[in-house]
2 protein chains.
Amino acid sequence: MSDLMDQQQYNCAVELTLSVIGGKWATIVLAHLKEGVHRYGALRRRIPAVSEKVLVQRLRGLEVSGLISRHSDGGNPPSVEYRLTPEGESLIPILEALHAWGEQRARRTGARIAPVAEAAGGGGR
Amino acid sequence: MSDLMDQQQYNCAVELTLSVIGGKWATIVLAHLKEGVHRYGALRRRIPAVSEKVLVQRLRGLEVSGLISRHSDGGNPPSVEYRLTPEGESLIPILEALHAWGEQRARRTGARIAPVAEAAGGGGR
DNA sequence: ACAAGAACTGACTTTGCGGTAAGCACCTGG
DNA sequence: CCAGGTGCTTACCGCAAAGTCAGTTCTTGT
């Protein structure tokens with residue numbers, strides 16, 4: 001285990017959690033990854049609003065934090081899979097709570113949530 | 001019911017949740033408020049790292065979002081209390097999950113979490 | 001009279017997260 | 001041969017959230 005010793009002083013536990021999964025995209029990436037293993041391109045299509053640069057940045061950051069793991073087959077054309085590590089899986093209660101609350105709030109406020117766009121071509125039935 | 005109709009298109013429920021409680025401080029404020037009613041000054045002391053400007057901004061924002069309510073006695077010296085609304089209380093599962101995960105992670109990584117500084121004078125032991 | 005404390009407000013600056021756009025290395029299909 | 005797909009990297013830029021710090025109104029304590 002890489003010991004990522006954190007020398008920062010936090011004034012509450014929530015603050016520490018946010019320092020790991022805070023920001024606009026980290027949690028969203030994790031939320032998709034909790035649904036299973038995904039290739040880089042699959043994540044891109046599921047989160048169309050994020051730019052490639054930021055997506056890669058988040059993936060790297062989450063990897064360093066030990067929440068996700070990256071598996072490349074080294075072949076060509078490249079194929080890279082991302083998945084939650086056991087520690088990443090320990091976030092699932094949070095991710096599900098965030099998801100459930102968002103759905104409830106959407107009902108209350110009338111916000112629209114687009115269905116997940118899974119595949120690139122022709123998947124849409 | 002104040003209808004805060006949200007015309008934004010979100011691509012997942014988590015994204016919607018983050019649009020409400022995202023940012024560096026909102027969640028932390030809520031986490032303290034879930035422990036009970038707090039006066040403005042008490043929040044300031046419990047979250048020493050936040051500036052007054054930002055604290056007020058967040059409180060106003062959360063009020064507009066319907067998650068907290070503000071009660072001023074109108075007297076002088078002023079006394080203002082903040083508390084979770086019922087909708088704010090619906091966030092408690094999230095807040096507790098964030099808290100629990102932070103504590104676990106602190107144990108794993110050795111991060112230090114300062115105990116909550118409750119009172120202004122003489123609270124230390 | 002003066003300082004301190006309550007709960008803010010406002011002007012100004014900074015910073016970092018994120019967005020845009022382009023390029024790269026390699027392979028396959030037409 | 002060239003477009004298109006895979007999985008990135010790099011340089012540059014912009015903006016909104018956050019930080020700094022001073023000021024404000026009123027009251028109580030000394």
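Residue numbering restarts at 1 for every chain, and letters A, B, ... go by the order of the sequence lines.
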Measure NE2/A:His38 against C1'/D:dT6 and give the value in whole Å, please. 17 Å

For the backbone of A:Ser69 and the side chain of A:His71, can you confirm whether one donor and one acceptor N or O come within less than 3.5 Å of each other? no

Whether the side chain of B:Glu15 engages the backbone of B:Asn11 through a donor-acceptor N/O pair (distance < 3.5 Å, no angle test) should be reported. yes

Does B:Tyr40 place a side-chain N or O at less than 4.0 Å from the phosphate oxygens OP1/OP2 of C:dT9? no

Any chance you could measure A:Leu18, atom CG, to B:Trp25, atom CH2, to the nearest 0.5 Å? 9.5 Å

Between CZ of B:Arg44 and C1' of C:dA4 the distance, given in whole Å, is 14 Å

For A:Arg70 and A:Ser72, work out which heavy atoms get closest and say how close. NH2-CB, 3.8 Å

Rounded distance in Å - CG (A:Leu18) to P (D:dA18): 11 Å

Establish, with yes or no, whether the OP1 or OP2 oxygen of C:dG5 is under 4.0 angstrom from a side-chain nitrogen or oxygen of B:Arg45. no

Contacts satisfying side chain to side chain donor-acceptor pair (under 3.5 Å) that involve residues 85-95 of chain A (not counting sequence neighbours) are A:Glu87-B:Arg105, A:Glu87-B:Arg108, A:Ser90-B:Trp101

What is the separation between atom CD1 on B:Ile21 and atom P on D:dA17, rounded to the nearest whole Å? 16 Å

CZ of B:Arg70 versus C1' of C:dA6: gap in Å, rounded? 12 Å

Tell me what B:Ser79 touches on the nucleic acid: a base, only sugar-phosphate, or nothing, going by heavy atoms under 4.0 Å. sugar-phosphate

Under-4.0 Å side-chain N/O to phosphate OP1/OP2 contact, B:Arg60 with C:dT9: yes

Counting the atoms with a prime plus P, OP1 and OP2 as sugar-phosphate, which does B:Arg39 contact under 4.0 Å by heavy atoms, base, sugar-phosphate, or nothing? sugar-phosphate

Short N/O separations, protein against nucleotides 13-20 of chain C, under 3.5 angstrom:
from: C:dG18; atom 1: OP1; to: A:Lys24; atom 2: N; distance (Å): 2.4
from: C:dG18; atom 1: OP2; to: A:Arg58; atom 2: NE; distance (Å): 3.3
from: C:dG18; atom 1: N7; to: A:Lys53; atom 2: NZ; distance (Å): 3.2
from: C:dG19; atom 1: OP2; to: A:Trp25; atom 2: NE1; distance (Å): 3.3
from: C:dG19; atom 1: N7; to: A:Lys53; atom 2: NZ; distance (Å): 3.2
from: C:dG19; atom 1: O6; to: A:Lys53; atom 2: NZ; distance (Å): 2.3

A:Glu63 CD to D:dG7 P: how many Å, rounded? 15 Å

Spacing of B:Leu55 atom CG relative to D:dG19 atom P, expressed in whole Å: 11 Å

Inter-residue atom distance B:Leu98.CG - A:Leu98.CG, 0.5 Å rounding: 6.5 Å

A:Glu35 and A:Arg46 ion-paired at < 4.0 Å: yes

